[in-house]
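I have placed the structure first, in the form of structure tokens, so that the comments after it can refer back to it.
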Amino acid sequence: MKLIVFNGSPRGQKSNSTRMIPWILKEAADDICYLNKSSLYDTYLRKAKTADSFLFVFPLYVDSMPGITKAYFEAMEQHKTDFAGKPVYFVIHSGFPEMVQSKALSHYNAYFATEIMGMDYKGTVIIGGSESMQMAPDQAFRKLQINLKLVGQAIKEYKNLPEDINIRINKRERLSGFRRFLFRITPGPLKNFYWHYRAGQHGEKIDLKGRPYG
Ligand SMILES: Cc1cc2nc3c(=O)[nH]c(=O)nc-3n(C[C@H](O)[C@H](O)[C@H](O)COP(=O)(O)O)c2cc1C
């Protein structure tokens with residue numbers, strides 16, 4: 001089996017996408033095509049043409065996929081006869097915890113794979129709340145790791161993803177009323193701690209009252 005894994009994160013090797021790929025398939029972590037390296041797209045395409053199956057892992061960006069991921073999809077489309085009939089799997093993960101956000105994009109994946117590429121679409125895994133991976137240790141993601149192993153197993157056997165995989169991972173499509181209530185009453189400084197922390201790492205400050213568009 002020759003599987004090619006595409007990492008569609010603009011953060012490349014330092015991304016949450018990179019962190020979760022070995023949770024799906026340990027061996028896949030050795031040979032990943034990073035789509036933030038657009039100068040390598042021709043090399044990736046040559047390599048992909050000899051593969052048996054494909055896995056795309058990318059973050060949700062503004063309710064869609066990162067531009068680099070779309071750019072690579074379009075590059076593949078130019079060579080679609082080389083990919084016709086081959087199994088393809090997708091993982092979309094998002095900063096916000098609600099799975100419902102990534103649903104429209106998962107339908108696009110199915111459309112892209114089957115209607116545009118003529119590939120064998122095997123399903124999309126949706127993972128909410130992935131940004132927390134930047135701060136938490138592996139042990140905090142035990143349940144996710146167990147479920148991603150099932151995904152790896154399906155990939156190895158060229159099977160469709162288990163039908164209930166997204167409910168196993170996310171429990172529900174939206175946050176429960178209780179969690180929404182908790183979020184609403186959480187004080188601003190606590191809610192925004194992480195974003196200030198990340199901006200600080202880059203020597204930046206966030207002005208929450210800023211209105212760049214007037
Ligand atoms: C430009 C940009 C847009 C984003 N848009 C969304 C979004 O629409 N919904 C969401 O839940 N998370 C969004 N995120 C958060 C990312 O999906 C999240 O941080 C993810 O874990 C990043 O994964 P990576 O490290 O593999 O790139 C966005 C992040 C960036 C930088």
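Both counts, for ligands and for their atoms, begin at 1 and track the order of listing. Values reported hereafter were calculated over all heavy atoms of this structure, with side chains retained and with hydrogens, waters and symmetry mates removed.
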Roughly how far, to the nearest 0.5 Å, is CG of Asn16 from CD of Glu131?
-> 5.0 Å
Can you tell which of Ile92, Asn170, Thr124 makes a side chain to side chain contact (heavy atoms under 4.5 Å, CB included) with Ser102?
-> Ile92
Which residue and atom name correspond to the protein heavy atom nearest [atom], and how close is it?
atom	result
atom 7 (C) of ligand 1	Val62 N, 3.7 Å
atom 20 (C) of ligand 1	Ser130 OG, 3.4 Å
atom 8 (O) of ligand 1	Asp63 N, 2.9 Å
atom 30 (C) of ligand 1	Tyr61 CE1, 3.5 Å
atom 9 (N) of ligand 1	Gln101 OE1, 3.3 Å
atom 14 (N) of ligand 1	Leu60 O, 3.3 Å

Is there a nitrogen or oxygen of Gly95 sitting under 3.5 Å from a nitrogen or oxygen of ligand 1?
-> yes
If you count the atoms of ligand 1 from 1 in the order shown, which ones are under 4.0 Å from a heavy atom of His93?
-> 17 (O), 20 (C), 21 (O), 23 (O), 24 (P), 26 (O)
Checking heavy atoms under 4.0 Å, the part of Arg11 that sits near ligand 1 is side chain
With no hydrogens and no angle check, do the side chains of Gln201 and Arg198 hold a donor and an acceptor under 3.5 Å apart?
-> yes
